[in-house]
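Computed over heavy atoms, backbone and side chain alike; hydrogens, waters and symmetry mates excluded. Not measured: the values here are computed from a predicted model.
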Amino acid sequence: MNNKSRSALPYVASFFLPFCLMFIAYAALKIAPFGDQTLLISDAQEMYVSDLAYLKRLLQGEESLFYTFEIGFGMPHIGQLTYMLNPSNLIVVFFDLEHFPEMYSLLTAINFSICGLTMFIFLTSVYGKNSANLIFSTIYAFIGFNVANCFNYNFFVDVELLPLVALGIKNIVNGKAPWLYLAALSFSIFSSFYFGFFLCVASF
């Protein structure tokens with residue numbers, strides 16, 4: 001392996017280690033695709049299945065972008081549209097509706113993995129190359145908040161972005177350009193105002 005491949009390997013591992021551990025957990029707990037159990041409970045069952053089905057139809061040209069989202073209690077729910085901004089949602093195009101339990105398991109594993117990757121980026125930027133970074137980034141991916149909310153994947157976006165926001169603050173303190181901070185915080189607010197607000201408070 002050349003130097004570039006060797007330097008990229010820990011970053012790849014920080015993503016795929018949580019991913020593999022999630023599928024080991026799925027197999028042990030008989031969660032789809034390894035059994036009849038599913039993460040499609042609570043909010044995932046009541047709201048996200050419909051949202052993701054709409055996104056799938058939209059990407060296939062079967063739905064209008066200007067759907068009113070006037071649903072539930074007769075109130076406007078345009079805010080739900082922002083839930084779909086996570087790029088990992090694009091995997092819906094590869095799954096039929098009857099395979100959404102498997103899709104949701106994959107989607108959750110991907111978001112856990114992104115948490116591990118962003119924390120690894122932060123730790124490496126702050127502490128340099130260290131084998132312990134991979135351990136702590138994986139621990140971060142499996143923090144209690146993520147595990148407790150595995151049925152609510154939209155909560156993950158700000159856990160994924162928190163390390164990048166923190167790294168952006170570090171760059172500003174060190175006199176560097178604020179673009180990483182602004183981009184990460186703006187995306188968090190736009191994609192999940194509720195938790196984006198928490199990141200604003202944490203940043204302050």
Side-chain angles (χ1 to χ4, degrees), residues 1-22 43 48 51-52 55 78-92 106-150 152-204:
M1 295 175 67
N2 58 35
N3 289 336
K4 279 189 176 180
S5 298
R6 278 197 295 268
S7 61
L9 190 58
Y11 292 91
V12 174
S14 71
F15 180 90
F16 281 104
L17 184 56
F19 189 87
C20 293
L21 289 174
M22 282 294 288
D43 285 4
Y48 300 145
D51 289 344
L52 292 168
L55 178 63
I78 191 66
Q80 286 178 226
L81 185 60
T82 65
Y83 291 162
M84 301 176 203
L85 295 177
N86 191 326
S88 61
N89 291 349
L90 296 176
I91 68 168
V92 298
L106 177 59
L107 184 61
T108 302
I110 289 172
N111 281 281
F112 270 62
S113 297
I114 294 172
C115 291
L117 174 61
T118 56
M119 179 52 79
F120 185 83
I121 292 170
F122 173 80
L123 293 172
T124 302
S125 298
V126 174
Y127 299 107
K129 294 179 180 178
N130 190 321
S131 57
N133 292 347
L134 191 58
I135 297 172
F136 286 104
S137 65
T138 303
I139 290 172
Y140 180 76
F142 287 93
I143 60 173
F145 180 85
N146 281 358
V147 174
N149 290 287
C150 60
N152 214 331
Y153 82 100
N154 285 314
F155 284 14
F156 299 160
V157 63
D158 294 295
V159 182
E160 296 165 4
L161 291 171
L162 177 59
L164 300 183
V165 170
L167 184 57
I169 293 172
K170 176 180 177 290
N171 289 344
I172 293 171
V173 170
N174 291 338
K176 296 180 181 179
W179 302 120
L180 176 60
Y181 171 75
L182 292 174
L185 194 59
S186 297
F187 186 80
S188 73
I189 294 169
F190 192 60
S191 59
S192 176
F193 178 80
Y194 183 68
F195 287 103
F197 172 76
F198 286 167
L199 283 192
C200 290
V201 174
S203 299
F204 180 76

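Taking S125 as the reference, I121, L167 meet the side-chain contact (heavy atoms from CB on, under 4.5 Å) condition, with sequence neighbours excluded. Partners of Y127 under the ring pair (Phe, Tyr, Trp, His ring centres under 6.0 Å) rule, at least two apart in sequence or in another chain, do not exist in this structure.
What you find for S14 and S137 is that their closest heavy atoms are CB-OG, 4.1 Å. Among all heavy-atom pairs drawn from A13 and P18, the shortest one is O-CD, 4.2 Å.
Distance check, rounded to the nearest 0.5 Å: OG of S188 to CG of L199 gives 4.5 Å.
Between the side chain of S186 and the main chain of A183, no donor-acceptor pair closer than 3.5 Å is present. Side-chain atoms of N130 come within 3.5 Å of backbone N or O of A132 as a donor-acceptor pair. In this structure, the side chain of N133 engages the main chain of G128 through a donor-acceptor pair within 3.5 Å. Remark: side-chain polar atoms of T118 are not paired, donor with acceptor, to backbone N or O of L161 under 3.5 angstrom. For S113 (side chain) and F19 (main-chain N/O), a donor-acceptor pair under 3.5 Å exists by modelled atom type.
Within the 4.5 Å cutoff, the side chain of I189 has no heavy atoms near those of the F197 side chain.
More than 12 non-hydrogen atoms from other residues, nucleotides or ligands lie less than 6.0 angstrom from CZ of F198.
Sorted by first then second residue, the ring-ring contact (aromatic ring centres under 6.0 Å, His included) pairs that include residues 131-150, not counting sequence neighbours, are F112-F142, F145-F195.
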